[in-house]
Amino acid sequence: MEEATQAFVFFWLAALFLVVGAMVGFFSKVHWQRRTGAVMLVVGLLSLMATPWTLPSSPSSAFGHLLGSLVGPAVLLVVGFYLITFSGNVPVGRLSKSDRTMGVAMVMLGTLWLEAMHWWILTPMYPGEVNRYWLIFWPTMLLATLTFSLATYSVVGLVGDGRLREQRLMMVVAVFASLLLLLGAVLDGPNVNPNQFSSEVLLASADIFGAMVGAAFAILVFAIVLAIYESQQPSPKRLDPPTMTQLEQASHIIAHNLGGEAEDE
């Protein structure tokens with residue numbers, strides 16, 4: 001019972017704090033509510049990351065270990081993309097070119113850090129073996145990156161005008177993600193073999209495909225429900241055409257405002 005209580009407090013309640021804090025901090029426009037949401041997010045994240053010590057015998061602690069392992073590259077990528085974005089063609093608050101260079105360096109360092117988790121000694125190991133959540137996260141992230149970049153490439157090509165540079169960037173990202181997937185499926189890493197990686201890629205592909213199919217069905221059902229609801233609504237009441245008296249009154253008002261005289265029709 002005590003272990004169940006600890007798991008509820010340090011993991012599930014912390015996860016609730018993380019989700020609620022992120023939603024409040026992102027969507028609220030009230031300053032104190034946003035600060036409260038940020039505090040809840042930080043407390044929940046730190047509690048989840050501390051589960052290897054607070055819940056050492058729980059399987060959930062492996063998830064907290066993964067979060068702690070991803071903090072470094074995640075911070076580098078987020079700050080790097082922020083510097084790159086706001087040092088470009090933005091209307092206000094544009095950063096300097098040196099900030100853009102620093103952003104590019106941080107993105108490259110964060111990407112290399114993630115790569116070192118698969119191809120070097122930085123692989124998250126918990127407890128005494130490769131963290132199973134890392135085996136799920138890494139192939140899923142590569143497949144999601146590949147899917148997102150290809151989808152963005154297609155959308156920009158359809159609706160964008162003069163966006164060839166963005167299309168090329170998305171294609172480079174897609175090729176890079178594809179290359180990493182191919183290398184992981186044929187080459188041994190220090191802690192992950194190709195067979196294990198390939199099986200995780202297949203499982204991640206099924207998850208992403210299922211999520212896309214589910215989202216498509218959800219959108220379709222929502223559209224059907226909306227169409228049925230709209231078809232059951234009464235037609236809006238049509239106004240009767242204006243009478244001659246109303247037309248003459250409108251003509252006098254217009255002529256008075258324009259400084260002219262009304263004309264009889």
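No experiment lies behind these values; they were computed from the predicted model shown.
L122 and M125 fall within the same hydrophobic cluster, defined by Ile, Leu, Val, Met, Phe, Trp and Tyr side-chain heavy atoms under 4.5 Å apart, directly or through other members. Follow the hydrophobic side-chain contacts under 4.5 Å out from W12 and you reach L45 in the same cluster. L114 and V201 fall within the same hydrophobic cluster, where Ile, Leu, Val, Met, Phe, Trp and Tyr residues are linked whenever their side-chain heavy atoms come under 4.5 Å apart, directly or through other members. Put simply, W120 and L180 are part of the same group of oily side chains (I, L, V, M, F, W, Y) that touch within less than 4.5 Å, one to the next. Taking hydrophobic clusters as Ile, Leu, Val, Met, Phe, Trp and Tyr residues chained together by side-chain heavy-atom distances below 4.5 Å, I208 shares a cluster with F137.
How far OG1 of T101 is from CD1 of I84: 9.5 Å, rounded to the nearest 0.5 Å. In this structure, CG in L203 is found 9.0 Å from OG1 in T140, a value given to the nearest 0.5 Å. Atom CG of L181 and atom CG of L142 lie 4.5 Å apart (nearest 0.5 Å). Separation of atoms CG (L18) and CE (M49) is listed at 11.0 Å; rounding is to 0.5 Å. In this structure, CG in N191 is found 11.5 Å from CG in N131, a value given to the nearest 0.5 Å. For the atom pair CG of L70 and CE of M141, the computed distance is 8.5 Å after rounding to the nearest 0.5 Å.
The main-chain N or O of T245 is never found under 3.5 Å from a side-chain atom of E248 such that the two would form a donor-acceptor pair. Here the side chain of S154 pairs a donor or acceptor atom with the backbone of L150 at under 3.5 angstrom. With hydrogens and angles disregarded, a donor-acceptor distance shorter than 3.5 Å links the side chain of S198 to the backbone of P194.
Residues S61 and Y126 bring a donor and an acceptor atom of their side chains to less than 3.5 Å of each other.
Residues R35 and V39 fail the side-chain proximity criterion, which asks for heavy atoms closer than 4.5 Å. You'll find the side chain of V107 stays beyond 4.5 Å of the side chain of L83, heavy atoms only. The shortest side-chain heavy-atom distance between F176 and L146 does not fall under the 4.5 Å cut-off. Between I136 and R132 the shortest side-chain heavy-atom distance does not fall below 4.5 Å.
Minimum interatomic distance between Q167 and Y153 (heavy atoms only, all atoms of both residues): O-CD1, 3.2 Å. When all heavy atoms of H118 and G184 are compared, the closest pair comes out as NE2-CA, 4.2 Å.
In this pair, W138 and W134 present their aromatic rings parallel. The plane angle is below 30°, not in the 30 to 60° band.
Taking a 6.0 Å sphere around CD of Q249, one finds it holds 12 or fewer heavy atoms contributed by other residues, nucleotides or ligands.
Here Y133 and H65 keep their ring centres 6.0 angstrom or further from each other.
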